[in-house]
Visitor: 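Would you mind keeping the following structure in view while I ask a few things?
Note on naming: letters A, B, ... go to the chains in the order of the sequence lines (proteins, then strands), and numbering restarts at 1 for each one.
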Amino acid sequence: MAKKIFVGNLPFTTTSEELKEVFTAYGEVITAKVVTDRISGRSRGFGFVEMEPAAADAAIGALNGQDLGGRPLRVDAAKDRPPR
DNA sequence: GTTGAGCGTT
């Protein structure tokens, strides 16, 4: 199983393809998904990326705190679907 | 046509 990465603070126009493109540049992206609000059907402005541990570490170290869309991108290790 | 802390569906 690969490592999960939490990606936040991204523009509302960002899609899963964009997220995958950005993360695939640092390693093999297993799955990339942007979380959209199921209640209203709009993007929540954050998503999840699954990659290998080495690639995930490289992507986190490279994209965490970086500027994307004019805002500091937030990249960190994600939790395993915690209950709200 | 709007918004801005956070951890997602099968």
Side-chain angles (χ1 to χ4, degrees):
Chain A
M1 201 63 180
K3 187 182 184 70
K4 290 178 198 158
I5 312 172
F6 173 78
V7 188
N9 205 43
L10 33 89
F12 298 100
T13 54
T14 307
T15 59
S16 305
E17 295 181 358
E18 295 276 296
L19 202 67
K20 182 184 176 184
E21 288 292 310
V22 175
F23 275 81
T24 202
Y26 297 95
E28 183 183 353
V29 177
I30 313 299
T31 49
K33 191 184 307 178
V34 174
V35 179
T36 46
D37 191 271
R38 194 177 67 89
I39 307 175
S40 55
R42 290 167 195 160
S43 60
R44 280 191 176 175
F46 76 95
F48 288 93
V49 181
E50 190 174 2
M51 328 173 54
E52 309 176 72
D57 182 72
I60 291 173
L63 294 174
N64 188 23
Q66 293 298 313
D67 180 80
L68 183 67
R71 285 172 191 158
L73 194 63
R74 172 175 167 157
V75 184
D76 252 322
K79 298 135 190 163
D80 193 12
R81 275 190 293 162
R84 288 273 263 161

Visitor: Expressed as a whole number of angstroms, how long is the span from A/Arg74:CZ to B/dG8:P?
Guide: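 About 13 Å, once rounded to whole Å.
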
Visitor: Are A/Val7 and A/Phe48 connected into the same hydrophobic cluster when the rule is that any two of I, L, V, M, F, W, Y join if their side-chain heavy atoms are below 4.5 Å apart?
Guide: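 They do not share one cluster, since no chain of ILVMFWY contacts under 4.5 Å joins A/Phe48 to A/Val7.
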
Visitor: Rounded to the nearest Å, what distance is computed from the CZ atom of residue A/Phe12 to the C1' atom of nucleotide B/dT3?
Guide: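 Distance check: A/Phe12 CZ to B/dT3 C1' gives 5 Å.
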
Visitor: Pick base, sugar-phosphate or nothing for A/Arg38, based on heavy-atom distances below 4.0 Å to the nucleic acid.
Guide: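 The answer is nothing, as A/Arg38 stays clear of every strand by at least 4.0 Å.
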
Visitor: With a 4.0 Å cut-off on heavy atoms, is A/Ala32 in touch with a base, just the backbone sugar-phosphate, or nothing at all?
Guide: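 Nothing, no nucleic acid heavy atom in range.
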
Visitor: Rounded to whole angstrom units, what separation is found between the NZ atom of A/Lys79 and the P atom of B/dG8?
Guide: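 The answer, rounded to whole Å, is 9 Å.
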
Visitor: Using a 4.0 Å heavy-atom cut-off, does A/Asp76 contact any base of the nucleic acid, only the sugar-phosphate backbone, or nothing at all?
Guide: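 Nothing: the residue A/Asp76, judged by heavy atoms under 4.0 Å, touches no strand.
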
Visitor: Please tabulate, for side-chain N and O atoms in residues 10-35 of chain A, each donor-acceptor pair with protein atoms closer than 3.5 Å (sequence neighbours left out).
Guide:
| residue | atom | partner | partner atom | Å |
| --- | --- | --- | --- | --- |
| A/Thr14 | OG1 | A/Pro11 | O | 3.1 |
| A/Ser16 | OG | A/Val34 | N | 3.0 |
| A/Thr31 | OG1 | A/Glu50 | OE1 | 2.9 |

Visitor: Among B/dA5, B/dG8, B/dC7, find the nucleotide with the atom closest to the side chain of A/Phe6.
Guide: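 Among the listed nucleotides, the one closest to the side chain of A/Phe6 is B/dC7.
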
Visitor: Report the distance from atom NZ of A/Lys33 to atom P of B/dT10, rounded to the nearest whole Å.
Guide: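 Value for this atom pair: 9 Å.
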
Visitor: May I have all residue pairs that pass salt bridge (Lys or Arg N to Asp or Glu O under 4.0 Å) and include part of residues 36-48 of chain A, sequence neighbours excluded?
Guide: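 Checked against salt bridge (Lys or Arg N to Asp or Glu O under 4.0 Å) - neighbours excluded - the pairs reaching residues 36-48 of chain A are A/Asp37-A/Arg44.
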
Visitor: How long is the line joining CD1 of A/Ile30 and P of B/dT10, in whole Å?
Guide: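 Spelled out: CD1 on A/Ile30 to P on B/dT10 is 22 Å.
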
Visitor: Apply the hydrophobic cluster definition, ILVMFWY joined by side-chain contacts under 4.5 Å directly or through others, and give me every member besides A/Met1.
Guide: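 Noted: A/Met1 shares its cluster with no other residue.
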
Visitor: Can you give me the closest heavy-atom contact between A/Pro53 and A/Lys3, atom names plus distance?
Guide: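 Taking A/Pro53 first and A/Lys3 second, the nearest heavy atoms are CA-CB, 4.3 Å.
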
Visitor: May I ask you to list the residues of residues 44-55 of chain A, by number, that have any heavy atom positioned under 4.0 Å from an atom of DNA chain B?
Guide: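 Contacting residues: A/Arg44, A/Gly45, A/Phe46, A/Phe48.
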
Visitor: Whole-Å distance between B/dG8 P and A/Ile5 CD1?
Guide: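 Rounded to the whole Å, the gap is 16 Å.
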
Visitor: Looking only at heavy atoms, what is the nearest atom pair of A/Met51 and A/Ala59, with distance?
Guide: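 Looks like SD-CB, 3.9 Å.
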
Visitor: Between side-chain atoms of residues 72-80 of chain A and protein atoms elsewhere (two or more places apart, or another chain), which donor-acceptor pairs fall under 3.5 Å?
Guide:
| residue | atom | partner | partner atom | Å |
| --- | --- | --- | --- | --- |
| A/Asp80 | OD1 | A/Lys4 | NZ | 2.7 |

Visitor: Would you indicate what A/Leu10 reaches in the nucleic acid, counting non-hydrogen atoms under 4.0 angstrom: base, sugar-phosphate, or nothing?
Guide: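 Since a base atom lies under 4.0 Å of A/Leu10, the category is base.
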
Visitor: Please pick, from B/dC7, B/dG8, B/dT2, the nucleotide with the shortest atom-to-atom distance to any side-chain atom of A/Arg42.
Guide: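 Selected nucleotide: B/dT2.
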
